[in-house]
Amino acid sequence: MEFTNEHITGRIKAQFGDKILFVEEPFELLTITAAADINVELVSFLKNDPELQVIFLTDLCGIHYPENKGEEIGVICHLHSLVHNFRIRLKFFIPEAAPSIRSLVPVFPGANWMERETFDFYGIKFEGHPNLKRVLNVDDMTYHPMLKQYPLEDPTREDKNDTYFGR
C-alpha cells in the first residue's frame, strides 16, 4: 500500500474529526494543525496505529507568533514512520497568557529533553513532565529568550543611516 498524504490525512480526520483544524503540504511535507487538547491522543494514535506505525519523534520545538491573538505560542512536533518512510509535522497552538500543554514523555520518552529545551526558551509548561526545569539557560533567568518581546533595534539610535539598509 502506498502511504500518500491524502491517505494519512483521511485516517487522522476519521479518528479526530473537527479537532483537526488545518492541513497543508509545504514542500510535500504533510503538516497538520490540531487542537492543543488532543496532542497526546493524536501522537499516540500515530504511534500505535498498526497501519501507520509512526514510531519516531524526530523533533519537538516551540514557535512564537505574537500577532496571532489567543494562539501566540506553538508546539511543533516532527514525526517519522521508519516502517513506511514518511514524515509528518504536527502543530498545536496555545495562548501566551497560559502557555501550557500536556507532555508527550509518556508516549515518547525521548521528548524529555526536547520539552525541557522548549520550556527553557519559550516558557511552555508541559503538564505531567517528570523534570521540567531549565536545561540550557541559567536557573535564575527571569525571561524566555526566544519569545519576541523586545524590538529588534534600538529606536533611539542616532548613528545609523537607514538609507544604507534600504529603508
Side-chain angles (χ1 to χ4, degrees), residues 5 9 12 16 18-44 46-47 54 56-80 87-167:
N5 287 347
T9 302
I12 293 169
F16 296 100
D18 62 349
K19 292 287 190 171
I20 303 303
L21 306 175
F22 190 67
V23 177
E24 59 185 330
E25 296 180 32
F27 303 104
E28 298 180 13
L29 174 63
L30 179 59
T31 303
I32 295 179
T33 304
D37 62 342
I38 66 162
N39 72 322
V40 172
E41 291 80 9
L42 178 54
V43 172
S44 295
L46 291 168
K47 181 181 181 184
V54 182
F56 186 70
L57 174 66
T58 305
D59 191 25
L60 183 146
C61 61
I63 191 88
H64 185 210
Y65 293 117
E67 67 279 357
N68 293 354
K69 297 303 174 205
E71 295 183 331
E72 297 91 351
I73 305 284
V75 175
I76 315 298
C77 301
H78 290 256
L79 300 155
H80 188 180
R87 297 175 187 271
I88 185 169
R89 178 184 338 174
L90 304 176
K91 295 181 179 183
F92 307 98
F93 288 95
I94 52 179
E96 189 173 23
S100 179
I101 193 166
R102 291 182 296 157
S103 174
L104 294 179
V105 171
V107 182
F108 285 109
N112 189 322
W113 281 73
M114 294 179 213
E115 288 180 356
R116 286 181 65 186
E117 179 186 40
T118 304
F119 163 72
D120 196 358
F121 284 110
Y122 291 93
I124 300 168
K125 294 172 184 69
F126 291 91
E127 299 169 20
H129 190 281
N131 188 22
L132 192 61
K133 62 181 185 177
R134 290 191 182 267
V135 66
L136 293 171
N137 292 306
V138 295
D139 290 334
D140 58 348
M141 196 173 204
T142 60
Y143 61 95
H144 300 281
M146 294 300 287
L147 294 177
K148 298 172 185 171
Q149 297 173 327
Y150 305 100
L152 293 177
E153 296 179 2
D154 180 3
T156 62
R157 188 170 171 183
E158 297 177 1
D159 65 326
K160 183 173 167 186
N161 185 343
D162 280 348
T163 58
Y164 295 128
F165 300 95
R167 299 183 203 140

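All residue numbers in this chain count up from 1 along the given sequence.
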Q: Considering non-hydrogen atoms only, spot the tightest contact between Cys61 and Thr118 and give its length.
A: CA-OG1, 3.5 Å
**Q.** Nearest heavy atoms of Ser103 and Gly128, plus distance in Å
**A.** CB-C, 4.0 Å
Q) Hey, are the side chains of Phe126 and Leu60 touching, using non-hydrogen atoms and a 4.5 Å cut-off? A) yes
Q: Would you list the pairs meeting salt bridge (charged side-chain N to carboxylate O under 4.0 Å, His left out) in which at least one residue belongs to residues 32-44, sequence neighbours left out?
A: Lys19-Asp37, Glu41-Arg102
Q) Can you tell me how far CZ of Arg89 sits from CG of Leu30, rounded to the nearest 0.5 angstrom? A) 9.5 Å
Q: Answer whether the closest heavy-atom distance between the side chains of Ile88 and Ile12 falls below 4.5 Å.
A: yes
**Q.** Close side-chain approach of Val105 and Pro130, heavy atoms under 4.5 Å
**A.** yes
Q: Would you please name every residue forming a salt bridge (Lys or Arg N to Asp or Glu O under 4.0 Å) with Lys47, sequence neighbours left out?
A: none
Q) Say you draw a straight line from CZ of Phe93 to CG of Leu21; how long is it, rounded to the nearest 0.5 Å? A) 10.0 Å
Q) Pick one: which of Thr31, Asp59, Ile63 meets side-chain contact (heavy atoms from CB on, under 4.5 Å) with Ile76? A) Ile63
Q) Under the side chain to side chain contact (heavy atoms under 4.5 Å, CB included) test, which residues partner Asn68, sequence neighbours left out? A) Tyr65
Q. Which atoms form the tightest heavy-atom contact between Val54 and Phe108, and what is the distance?
A. O-CZ, 3.8 Å
Q | Pair His64-Glu96, side-chain donor/acceptor within less than 3.5 Å | A | yes
Q. Any side-chain heavy atom of Leu90 sitting closer than 4.5 Å to one from Leu46?
A. yes
Q: Using side chain to side chain contact (heavy atoms under 4.5 Å, CB included) as the criterion, list what pairs up with Phe27, not counting sequence neighbours.
A: none
Q | Value rounded to 0.5 Å, distance of CZ in Phe119 from CH2 in Trp113 | A | 13.5 Å
Q: Taking the side chain as every heavy atom from C-beta outward, state whether Tyr122 and Val75 have any atom pair closer than 4.5 Å.
A: no
Q: Decide yes or no for Glu72 and Pro95: does some side-chain heavy atom of the first lie under 4.5 Å from some side-chain heavy atom of the second?
A: yes
Q. Who passes side chain to side chain contact (heavy atoms under 4.5 Å, CB included) against Thr58, sequence neighbours left out?
A. Phe56, His78, His80, Arg87
Q: Scan for salt bridge (charged side-chain N to carboxylate O under 4.0 Å, His left out) pairs involving residues 124-150, sequence neighbours excluded, and state none if there are none.
A: Asp120-Arg134
Q) Can you name the nearest heavy-atom pair linking Pro99 to Gly123, along with the distance? A) CG-O, 3.6 Å
Q: Show your reasoning for whether side chain to side chain contact (heavy atoms under 4.5 Å, CB included) applies to Leu57 and Met114.
A: CA-CA 10 Å; Leu57 174 66; Met114 294 179 213; 4.1 Å; yes
Q. Once you round to the nearest 0.5 Å, how far does CG of Asn112 lie from CD of Glu117?
A. 12.0 Å
Q) If you measure from CD1 on Ile94 to CD1 on Ile124, what distance do you get to the nearest 0.5 Å? A) 5.0 Å
Q: Report the distance from atom SG of Cys77 to atom CG of Leu42, rounding to the nearest 0.5 Å.
A: 8.5 Å
